[in-house]
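To start, the structure under review is shown below, and the notes come after it.
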Amino acid sequence: MINPLRGMRDLIDNDSERYSYFIEHCSRIAKNYGFAFIETPILEETALFKRSVGESSDIVNKEMYQFTDKGEHDVCMRPEGTAGVVRAFISAKYDKIGGVKRFFYHGPMFRYERPQKGRLRQFHQFGVESFGEASAMEDANVILMLVEIFDFFGIRTKLKLNSLGSNESMRVYKEKLVNFLDATPGFCADCLTRKATNPIRVLDCKDEHCQSLLKDAPVVLDFLSPTCKKDFETLQSVLDSFQVHYEVDTKLVRGLDYYNNTAFEFISEEIGAQSAIAGGGRYDRLVEFLDGKPTAGVGFAMGIERLMELIVMGEQKREGYYLAALCEAALESVFSLTIAKRKKHITLTSYQAKSLKAHLKAADKALVKYFVCIGEDELKNGTVWMKDLETKEEQTLLINNFKEKN
Ligand code: HAM
């Protein structure tokens, strides 16, 4: 028997129902916020992710599904959605046209991580990316959208917020941080590697001893320029005015290198160790990094599998028809009636003549509202027998009247 690959899962039955339900409502909310659907390829040139997510990130360093295709191209299955959407934005020349463009997307992402609960190698994200809006109000806008999504699904979350500042303030901060790390012995081997590749990643080391050493480390917010500081204050004051609770976490740096200013993460305390259910932030340099005209950008992505654990769906409502033949002679009429009914309703059927009891059992299991059958008597009289499986009401109808029934 061939099993799915490690860290890869089928979306089937309840999971696929919940997945569609989730996408349907997130898409509706994103459209209300002025975002339009975009779909980008799963496979992209490896250089796209190296230049955007960053050579020093774990994603690029250790986790990429990277291979050479039959044409000798170095390609990669997307580990996240932002890079591809930025590439598409530039490919469509929206950077040259200017103005504001907002996109939402959903689909599979691939990271070769060590699988565990809440951590898959193929997982799904729902994300949004907004281009051309430099105001911190747009950062607030995407965070408020996430809050609305979580409220809709009744998901309790905690929001962590930080500002990484500009390129220049980050350069000064990194220098100070490296000085601190050099002067403080006892950091783990991972931290020492990160000190050389991307020192701010030391801040989110999971090791308790490293965290205790970091208590005296310089704080990123102390290095913000007056403009970045003002933007961070604007963001907080908008969130305050909407009663969105958050915690400023100066150690929140995110695992992708493209962020500046706002960085945020939503955490759930109800799903175990892999508690980050959404993350995002501002990436004003990314379009330029990828050879586009400098354009402001901000967005987020949610991990759908992690969220699905938290979604409680209402009881499924009975819906549609199940049409059944009780004798061989009725099979064709039932089939053509099924095709006609499908123009407006979910309509199921069976290609076999069976007993009333067997058909009723199948219809009940399929959660349809109406059971409709044709046996020898109905064939003779040009009628159907119908039972409402909710109210248990039964009636006999002329075939033509049934066809026209809504
Ligand atoms: P990220 O934080 O790497 O950000 O991923 C976003 C979310 O994807 C995480 O919060 C988590 O819920 C989910 N996720 C990540 N890895 C896994 C995994 N191995 N298994 C299951 N779920 C996972 C990004 O991807 C950025 N592109 C977000 C963004 C959009 N920033 C700006 N725009």
Side-chain angles (χ1 to χ4, degrees), residues 5-9 11 19 22 26 30 35 38 40 44 48-49 52-54 57-60 62-65 77-89 102-131 133 138-139 141-143 145-146 149-150 155 157-160 162 164 201 204 252-268 270-287 289 296-310:
L5 296 175
R6 202 159 115 77
M8 306 209 172
R9 264 190 7 202
L11 281 175
Y19 185 87
F22 184 75
C26 291
F35 287 72
I38 185 171
T40 67
E44 297 269 7
L48 173 66
F49 302 109
S52 54
V53 177
S57 66
D58 285 350
I59 295 178
V60 167
K62 307 183 198 157
E63 298 167 3
M64 294 227 284
Y65 276 87
M77 316 242 303
R78 62 181 185 196
E80 57 105 52
T82 311
V85 175
V86 173
R87 204 256 324 115
F89 174 80
R102 297 187 177 93
F103 300 106
F104 74 89
Y105 55 91
H106 46 82
M109 308 291 158
F110 303 83
R111 297 185 191 175
Y112 198 84
E113 295 192 79
R114 204 149 58 85
Q116 63 178 82
K117 186 172 178 293
R119 195 203 276 153
L120 293 156
R121 288 182 174 167
Q122 176 174 340
F123 59 98
H124 295 78
Q125 285 185 343
F126 184 99
V128 310
E129 313 294 350
S130 160
F131 297 97
E133 190 52 89
E138 185 69 347
D139 308 22
N141 193 46
V142 298
I143 291 176
M145 189 199 309
L146 272 172
I149 288 172
F150 296 142
I155 295 171
T157 59
K158 273 195 171 163
L159 168 59
K160 290 185 172 185
N162 196 13
L164 302 172
R201 290 302 313 281
D204 64 8
L252 177 73
V253 292
R254 311 268 303 124
L256 307 97
D257 290 354
Y258 47 62
Y259 294 109
N260 64 278
N261 291 44
T262 308
F264 61 87
E265 237 164 50
F266 280 83
I267 309 288
S268 161
E270 289 159 39
I271 51 167
Q274 300 306 313
S275 59
I277 48 175
R282 185 160 273 286
Y283 47 84
D284 293 336
R285 295 180 310 244
L286 187 51
V287 176
F289 276 172
V298 60
F300 67 73
M302 296 179 264
I304 302 180
E305 280 80 0
R306 290 184 192 173
L307 283 159
M308 273 171 33
E309 296 223 357
L310 300 165

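When reading the values below, keep in mind they use all heavy atoms of this one structure, side chains included, and skip hydrogens, waters and symmetry mates. Counting starts at 1 for both ligands and their atoms, in listed order.
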Atoms of ligand 1 under 4.0 Å from any heavy atom of Gly279, numbered from 1 in the order shown, are 10 (O), 28 (C), 29 (C)

Exercise. For the side chain of Arg201 and the backbone of Val253, is there at least one donor-acceptor N/O pair under 3.5 Å apart?
Worked result: no

Atom 13 (C) of ligand 1 has as its nearest protein heavy atom Gly303 CA, 3.5 Å

**Message:** Taking only non-hydrogen atoms of Glu305, do any sit less than 4.0 angstrom from ligand 1?
**Reply:** no

Ligand 1 to Thr82, heavy atom cutoff 4.0 Å, flagged ligand atoms 26 (C), 27 (N), 29 (C), 30 (C), 31 (N), 32 (C), 33 (N)

Near Gly280 (heavy-atom distance under 4.0 Å), the atoms of ligand 1 are 31 (N)

With sequence neighbours left out, the residues meeting side chain to side chain donor-acceptor pair (under 3.5 Å) with Arg285 are Asn167

> Looking at ligand 1, does any of its N/O atoms fall within less than 3.5 Å of an N/O of Leu120?
Replying inline: yes

For Glu129, the ligand 1 atoms with a heavy-atom partner under 4.0 Å come out as 30 (C), 32 (C), 33 (N)

_I'd like to check whether Glu80 has a polar contact with ligand 1, where a contact means an N/O of the residue lying under 3.5 Å from an N/O of the ligand._
yes

Closest heavy-atom pair, Gly118 versus Arg306, reported as atoms and distance to 0.1 Å, is O-NE, 2.6 Å

Can you confirm whether Tyr65 is buried at OH, in the sense that more than 12 heavy atoms of other residues, nucleotides or ligands lie under 6.0 Å from that atom? yes

The option among Arg111, Arg306, Glu113 carrying the non-hydrogen atom nearest to atom 19 (N) of ligand 1 is Glu113

Judged by heavy atoms only, the candidate from Ser57, Gly299, Gly127 nearest atom 32 (C) of ligand 1 is Gly299

**Prompt:** Heavy-atom distance under 4.5 Å between the side chains of Leu256 and Ser57, does that happen here?
**Reply:** no

Out of Gly84, Ser130, Gly118, the nearest non-hydrogen contact to atom 21 (C) of ligand 1 is supplied by Gly118

Test side-chain contact (heavy atoms from CB on, under 4.5 Å), reference Glu138, set Thr262, Ile143, Val298, output is Val298

Which of Phe289, Tyr259, Phe89, Tyr258 passes ring pair (Phe, Tyr, Trp, His ring centres under 6.0 Å) with Tyr283? Answer is Tyr258

Counting from 1 in the order shown, the ligand 1 atoms closer than 4.0 Å to a non-hydrogen atom of Arg119 are 19 (N), 20 (N)

Here the atoms of ligand 1 under 4.0 Å from any heavy atom belonging to Leu256 are 3 (O), 4 (O)

Ranked by distance from atom 26 (C) of ligand 1, the top protein heavy atom is Tyr258 OH, 3.3 Å

Note: heavy atom closest to atom 23 (C) of ligand 1, options Phe300, Phe110, Phe123, belongs to Phe123

Ranked by distance from atom 5 (O) of ligand 1, the top protein heavy atom is Gln125 NE2, 3.2 Å

>> What I want to know is whether Glu265 and ligand 1 share at least one N or O pair that is separated by under 3.5 angstrom.
In response: no

For Arg121, state whether at least one heavy atom is located under 4.0 Å from any atom of ligand 1.
no

Rounded to the nearest 0.5 Å, the CE atom of Met109 sits from the NE2 atom of His124 at a distance of 9.0 Å

Whether the side chain of Arg78 engages the backbone of Thr40 through a donor-acceptor N/O pair (distance < 3.5 Å, no angle test) should be reported.
yes

closest protein heavy atom to atom 4 (O) of ligand 1 is Arg254 NH2, 2.9 Å

Atom 12 (O) of ligand 1 sits nearest the protein heavy atom Ala276 O, 2.8 Å

Phe266 and Thr157 have their tightest heavy-atom pair at CD2-OG1, 3.6 Å

Applying side chain to side chain donor-acceptor pair (under 3.5 Å) to Gln122 and not counting sequence neighbours gives none

* Asked: Does ligand 1 have an atom that lies less than 4.0 angstrom from a heavy atom of Phe266?
  -> no

Of all heavy-atom pairs linking Leu252 and Asn162, the shortest is O-ND2, 2.9 Å

One finds that the ligand 1 atoms under 4.0 Å from a non-hydrogen atom of Tyr259 are 26 (C), 28 (C), 29 (C), 31 (N), 32 (C)

Arg121 side chain to Glu113 backbone, donor-acceptor under 3.5 Å: yes

